[in-house]
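The structure under discussion appears below in the form of structure tokens.
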Amino acid sequence: MIYALDQFTDSLGEPLRDFSKGRLAAFFADPRASTWEDAHGVALNAQGLTLWQAWIALDPDAPREGRHVTIDPWDRVLVVKEWARVPNVSELTQLVSFVLSQKPVQ
């Protein structure tokens, strides 16, 4: 799946920046809530389709809300509610194929 990182584009149709590629690569390598939190909002094509939007398009049971956090009196971020679930490796393979199959808007 790492090959896809060079095929994804940002919402302007430009190659993804290294920062976005890194967030996606971390999730691809270790699919869990914390890496998903960093990767779910990365735009993957010129239509601005994010990883999370692609998952919702393919899986009607994908979570419609994400992590909920609060800040404690010492300015630390506390997770109040975690993602209900994140895509597994099989779903991730389908997401990548789906995104790469999308035709650019003319």
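One-based numbering along the sequence shown.
Atoms OG and CG, on Ser11 and Leu49 in that order, are 11.0 Å from each other to the nearest 0.5 Å. To the nearest 0.5 Å, the span separating CG on Leu51 from CD1 on Ile56 amounts to 10.5 Å. With values rounded to the nearest 0.5 angstrom, Leu100 atom CG is found 8.5 Å from Leu44 atom CG.
In terms of heavy atoms, Arg23 sits closest to Gly41 at NH2-C, 4.4 Å. Minimum heavy-atom separation, Ala39 to Phe27: CB-CB, 3.9 Å. Taking every heavy atom of both residues into account, Ala43 and Leu16 meet most closely at O-CD2, 3.3 Å.
When hydrophobic side chains of Ile, Leu, Val, Met, Phe, Trp and Tyr are connected at separations under 4.5 Å, Trp74 ends up as a singleton with no cluster partners. If you chain together ILVMFWY residues whose side-chain heavy atoms come under 4.5 Å of each other, Val77 ends up grouped with Val69, Ile71, Val79.
A heavy-atom distance below 4.5 Å is found between the side chains of Pro87 and Leu95. Under the 4.5 Å side-chain criterion, counting only non-hydrogen atoms from C-beta, Val42 is not in contact with Phe8. Counting heavy atoms from C-beta outward, Glu37 and Val86 have side chains that stay 4.5 Å or more apart. Thr35 has its side chain out of reach of Phe28: every pair of non-hydrogen atoms, C-beta onward, lies at least 4.5 Å apart.
Note on residues 42-56: no pairs pass salt bridge (charged side-chain N to carboxylate O under 4.0 Å, His left out), not counting sequence neighbours.
With sequence neighbours excluded, the residues satisfying salt bridge (Lys or Arg N to Asp or Glu O under 4.0 Å) with Arg76 are Asp72. Scanning for ring-ring contact (aromatic ring centres under 6.0 Å, His included) contacts around Trp55 gives Trp36, with sequence neighbours left out. For Ser34, the side-chain hydrogen bond (donor to acceptor under 3.5 Å, both in side chains) test picks out Arg32, with sequence neighbours left out. Listed by chain and number, the residues in a salt bridge (Lys or Arg N to Asp or Glu O under 4.0 Å) with Arg67 are Glu82 (sequence neighbours excluded). Judged as a salt bridge (Lys or Arg N to Asp or Glu O under 4.0 Å), and not counting sequence neighbours, the contacts of Arg85 are Asp59, Glu91. Under the rule for a side-chain hydrogen bond (donor to acceptor under 3.5 Å, both in side chains), Glu14 has no partner lying at least two apart in sequence or in another chain. A search for side-chain hydrogen bond (donor to acceptor under 3.5 Å, both in side chains) contacts involving Thr50 returns Gln53, not counting sequence neighbours. The side-chain hydrogen bond (donor to acceptor under 3.5 Å, both in side chains) test applied to Trp52 returns no partner, not counting sequence neighbours.
Of the possible polar contacts, none joining the Thr70 side chain to the Leu78 backbone as a donor-acceptor pair under 3.5 Å is found.
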